[in-house]
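Computation of the quantities below employed the complete heavy-atom set of this structure, encompassing side-chain atoms and omitting hydrogens, waters and symmetry-equivalent molecules.
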Amino acid sequence: MRETEKIWMNGEFVDWAEAKIHVGAHGLHYGSGVFEGIRCYETDAGPAVFRLTDHLERLHRSAQILHMELPYSVEELRTASHELIAANGLSECYLRPIAFYGYGELGVHPGPNPVDVVLMTWPWGAYLGEDALEKGIRAKVSSWKRVGPNTIPHVAKATGIYLNSMLAVIEATRAGYEEAILLTDDGYVADGSGENIFVVRDEIISTPDLSASILQGITRHTVIEIAQTLGYAVHERQLIRSDLYIADELFMCGTAAEVTPVRSVDDHEIGAPGPVTKAIQDVFFEVVRGRDERFSRWLEYAEKTPAAPGS
Ligand code: PPE
């Protein structure tokens, strides 16, 4: 991770090296936190944070699901995010807001522990490698099942959930693949360790629906809108493992992974990137860099008031 100058911690800008917490923090012991991953892109009009408000609203919803009260509003975090990016002099970066139960009492019940809120920013290149964006990755269906709605609520982007993803990606990479694909307990395709999944067959695009234990990805939503604008039909539906094997094209998406083609699953060659993936990927990169008017409402600039939702 490339260090930058400042980190925003509970309302203060602190030096990167000083942004520390106590080892007794509740969030460290029990994974009791919620977080976000957001990207800021360089555009002709300056750095633009992509769908910042949508991400911060999801952070608030994630906290709500965990009965966690965030001491900062979406508006306050939005301002702090822009200020931090400017303070660190970054034009393109990843932004990581995280909120967790802090230091006070141990014991599973979070009790009176404070909720600490932190924002970090640093330059983060292609998540699965530059090559991946161009040539695609090899994925493996994991033996680990994605957490279900009644184990840990997958709708919350909660820190503890990521043990599930961590086990899956370790398993996949140890076996020589680049990414894992997790299924639900009853065998439907869910998510990658940090991405949503799309399948293309006969020019129809399908992606697991929200009941398949997926994170309700903001990039997923972006991709659906782009695909529909390009004239493709997009179905949110249950997918089974073999849908992956017989796909014409397959890709994963997420804030970190952006739009990454998948070129094989469990050694079934799919070939990547196909024309549909490529078309969506091309528009995606134009959109995030502010070069596509149709989606300019998603770019949030520090100096400009972001467009009101639905405008
Ligand atoms: N599913 C999972 C399990 C997931 O972690 C992410 C984001 C997504 C789907 C896509 O969501 P969205 O970013 O809203 O489009 N994963 C974040 C964390 C990656 C990490 O390694 O940390 C991310 O992409 O920022």
Side-chain angles (χ1 to χ4, degrees), residues 1-4 7 33-42 47-52 54-56 58-59 62 81 84-85 88 90-99 118-140 142 146 154 156-170 172-173 177-182 190-198 207-208 214-224 226 250-263 272-273 277 280-281 284-285 287-289 298-300:
M1 158 184 273
R2 220 170 91 199
E3 293 184 11
T4 55
I7 286 176
V34 294
F35 71 106
E36 272 304 320
I38 309 170
R39 275 191 192 267
C40 173
Y41 290 91
E42 191 168 359
V49 188
F50 191 65
R51 304 190 68 171
L52 174 60
D54 290 331
H55 279 280
L56 294 175
R58 186 172 66 184
L59 184 75
S62 297
S81 299
L84 180 68
I85 291 166
N88 285 328
L90 298 166
S91 49
E92 277 215 12
C93 62
Y94 187 81
L95 168 69
R96 165 61 51 84
I98 183 166
V118 176
L119 302 172
M120 302 171 73
T121 57
W122 70 96
W124 197 356
Y127 187 57
L128 296 156
E130 280 294 337
D131 246 23
L133 287 176
E134 234 175 83
K135 301 196 183 108
I137 56 159
R138 297 172 60 244
K140 179 187 184 310
S142 182
R146 168 98 176 136
H154 60 272
K157 193 164 169 67
T159 58
I161 288 185
Y162 281 79
L163 268 185
N164 184 221
S165 287
M166 188 188 88
L167 288 168
V169 75
I170 288 176
T173 52
Y177 300 84
E178 280 112 39
E179 185 52 296
I181 294 175
L182 290 91
D191 267 354
S193 74
E195 307 89 0
N196 291 122
I197 297 167
F198 282 79
T207 191
I214 63 165
L215 181 73
Q216 198 167 352
I218 289 167
T219 318
R220 173 183 181 277
H221 179 261
T222 302
V223 162
I224 291 173
I226 290 175
L250 201 63
F251 64 91
M252 288 180 161
C253 72
T255 299
E258 299 169 307
V259 177
T260 300
V262 177
R263 65 170 201 273
T277 306
I280 291 171
Q281 196 190 43
F284 176 82
F285 283 114
V287 169
V288 295
R289 297 220 154 79
W298 285 331
L299 279 80
E300 300 188 29

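For the residue pair A257 and L133, the shortest heavy atom distance occurs at O-CD2, 3.9 Å. Here the shortest heavy-atom pairing between P208 and A190 reads CG-O, 3.5 Å. Between A132 and P261, the closest heavy-atom pair is O-CD, 3.4 Å. N196 approaches G217 most closely through the heavy-atom pair OD1-CA, 3.2 Å. Across every non-hydrogen atom of S91 and C40, the tightest pair is O-SG, 3.5 Å. Among all heavy-atom pairs drawn from L119 and L84, the shortest one is O-CD2, 3.3 Å.
The side-chain heavy atoms of L95 and L52, taken from C-beta on, include a pair separated by under 4.5 Å. Two residues are said to be in side-chain contact when any heavy atoms from C-beta on lie closer than 4.5 Å; M252 and I181 meet this criterion. At a threshold of 4.5 Å between non-hydrogen side-chain atoms, the residues R146 and I161 count as touching. The shortest distance between side-chain heavy atoms of T219 and F284 falls below 4.5 Å. Taking the side chain as every heavy atom from C-beta outward, T255 and Y94 approach each other to under 4.5 Å. Contact annotation: the side chain of T260 never approaches that of F251 to less than 4.5 Å [non-hydrogen atoms, C-beta and beyond]. Annotation: side chain of H55 is not in contact with side chain of F50 (no heavy-atom distance under 4.5 Å). Side-chain contact between W122 and E3: absent, with no pair of heavy atoms (C-beta onward) separated by less than 4.5 Å.
Annotation: the span from L90 atom CG to E42 atom CD amounts to 10.5 Å, rounded to 0.5 Å. The distance from atom CG of D191 to atom CD of Q216, rounded to the nearest 0.5 Å, is 11.0 Å. Rounding to the nearest 0.5 Å places CD1 of I218 at 5.5 Å from CD of E36. Distance CD/E195 to CD1/I137: 6.5 Å, rounded to 0.5 Å. Atom-to-atom distance recorded for L182:CG and I197:CD1 is 8.0 Å, nearest 0.5 angstrom. Atom SG of C93 sits about 10.0 Å away from atom CD1 of I38, to the nearest 0.5 Å.
Remark: the backbone N or O of A139 is not paired with any side-chain donor or acceptor of E179 at under 3.5 angstrom. Proximity of a side-chain donor or acceptor of R96 to a complementary backbone N or O of T121 within less than 3.5 Å is not detected. Side-chain N or O atoms of R39 include one that pairs as donor or acceptor with a backbone N or O of W124 at under 3.5 Å. With hydrogens and angles disregarded, a donor-acceptor distance shorter than 3.5 Å links the side chain of S165 to the backbone of S193. Looking at Q281, its side chain does come within 3.5 Å of a backbone N or O of V259 through a donor-acceptor pair.
A cation-pi arrangement is found for R51 relative to W298, the charged atom lying closer than 6.0 Å to the ring centre and inside a 45° cone about the ring normal.
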What's the verdict on side chain to side chain contact (heavy atoms under 4.5 Å, CB included) for R220 and I214, showing C-alpha distance, side-chain angles and the deciding distance? CA-CA 10 Å; R220 173 183 181 277; I214 63 165; 3.4 Å; yes
